[in-house]
Amino acid sequence: VVETLFMLLMEQGLLLVTANMLQHLDNVIDIMICSSVVSSLSFLCTIAADRYITIFYALRYHSIMTTRRAVAIIAVVWLTSITSSSLFIVYHTNSAVIACFVSFFGVALVFTAALYLHMFILAHVHSRRIRALHKSRRQATSMKGAITLTILLGVFIICWGPFFLHLILILICPTNPYCQCYFGHFNLFLILFICNS
């Protein structure tokens, strides 16, 4: 929104900027976008961890997740996101930085999937025990859990996967014509992960 606003102001001649100012403005906007990406992924992991604690430590949840800890977690996620995004934008041409960013996505995906899968397995076992006690129960609960888990992780991969595939292709084949064609859809990848939020 900020980027679009600046572009409209410059197109209408209401905002005059030098080339140097434009470069700094572009860097600031890129850091904002990158920070939102990193924080969004981090908060998805944080929500998964919170749900995990809610299920596996239900009786101790309020002593584990205090308001002070929640505020500290939010502050750490934003501080880390802004710092790492600033480094990413400053050193965006370095392959190691892109590899770190892609690795972050992989770790976030595995972490989130592992927690939700463990929660699903617990729910499935619990559902089986209930069915064993009440012979008339159907398997609907387990099926609903499997569908929910599939949708959750499927949407996550569909929304975030193309962007990180874009980054992987930058590392593997930056000059290949097929990769160049894929790079042309960058705005679509941005829209996808904004939709995930």
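- Taking 4.5 Å as the limit, every side-chain heavy atom of L167 sits out of range of all side-chain heavy atoms of F105.
- Within the 4.5 Å cutoff, the side chain of H24 has no heavy atoms near those of the V28 side chain.
- When the shell of 6.0 Å around CZ of F183 is examined, it contains more than 12 heavy atoms from other residues, nucleotides or ligands.
- Smallest separation of non-hydrogen atoms from T83 and L79: OG1-O, 2.8 Å.
- Taking all atoms of both residues into account, the shortest heavy-atom contact from S86 to I31 is OG-CG2, 3.8 Å.
- Taking CD1 of I170 as the start and OG1 of T175 as the end, the distance is 12.5 Å to the nearest 0.5 Å.
- If you chain together hydrophobic residues whose side chains sit under 4.5 Å apart, M119 and I64 fall into the same group.
- Atoms CG and CE, from D26 and M21 in turn, are 13.0 Å apart once rounded to the nearest 0.5 Å.
- Atom SG of C34 sits about 11.5 Å away from atom CG of N27, to the nearest 0.5 Å.
- Side-chain contact between F186 and I191: absent, with no pair of heavy atoms (C-beta onward) separated by less than 4.5 Å.
- Within the 4.5 Å cutoff, the side chain of Y182 has heavy atoms near those of the L165 side chain.
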Check your understanding: Stepwise, does the side chain to side chain contact (heavy atoms under 4.5 Å, CB included) test hold for I98 with F88?
Key -> CA-CA 8 Å; I98 296 173; F88 179 71; 4.1 Å; yes
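- Remark: I89 CD1 to D30 CG distance equals 4.5 Å, nearest 0.5 Å.
- Cluster membership for L14 and L25, using ILVMFWY side-chain heavy atoms within less than 4.5 angstrom, is shared.
- For the residue pair F111 and A49, the shortest heavy atom distance occurs at CZ-CB, 4.2 Å.
- Interatomic distance, CG of L117 versus OG1 of T112, reported as 12.0 Å (0.5 Å rounding).
- Here the closest heavy-atom approach between residue S81 and residue S42 is recorded as OG-OG, 4.5 Å.
- Judged as a disulfide bond (SG atoms under 2.5 Å apart), and not counting sequence neighbours, the contacts of C173 are C179.
- Grouping the Ile, Leu, Val, Met, Phe, Trp and Tyr side chains by contacts below 4.5 angstrom, directly or via other members, places I157 with L41.
- You'll find the side chain of T46 reaches within 4.5 Å of the side chain of I73, heavy atoms only.
- Residues N176 and Q180 bring no donor and acceptor atom of their side chains to less than 3.5 Å of each other.
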Practice item. Determine, stepwise, if the pair L109 / F164 fulfils side chain to side chain contact (heavy atoms under 4.5 Å, CB included). Key: CA-CA 11 Å; L109 177 62; F164 284 94; over 6 Å; no
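- To the nearest 0.5 Å, atom CZ of residue R51 and atom CD1 of residue I53 are 13.0 Å apart.
- Both I47 and L153 are members of a single hydrophobic cluster when ILVMFWY side chains are connected at heavy-atom separations under 4.5 Å.
- The heavy-atom pair separating S36 from S39 by the smallest distance is O-OG, 3.2 Å.
- Classified by interplanar angle (parallel below 30°, tilted 30° to 60°, perpendicular above 60°), the ring pair F101/F163 is perpendicular.
- With contacts defined as side-chain heavy-atom distances shorter than 4.5 Å, the pair M65/Y57 does not qualify.
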Exercise for review: Check the pair V38, F43 against side chain to side chain contact (heavy atoms under 4.5 Å, CB included), reporting the backbone distance first and the verdict last.
Suggested key: CA-CA 9 Å; V38 173; F43 280 121; over 6 Å; no
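- Under the 4.5 Å side-chain heavy-atom criterion for Ile, Leu, Val, Met, Phe, Trp and Tyr, I172 and F104 are members of the same hydrophobic cluster.
- Looking only at side-chain heavy atoms (C-beta outward), I55 and L122 come within less than 4.5 Å of each other.
- With sequence neighbours excluded, no residue forms a side chain to side chain contact (heavy atoms under 4.5 Å, CB included) with L59.
- L192 is not listed as a side-chain neighbour of W160, based on a closest heavy-atom distance of 4.5 Å or more.
- No side-chain donor-acceptor contact under 3.5 Å links T80 to the backbone of V77.
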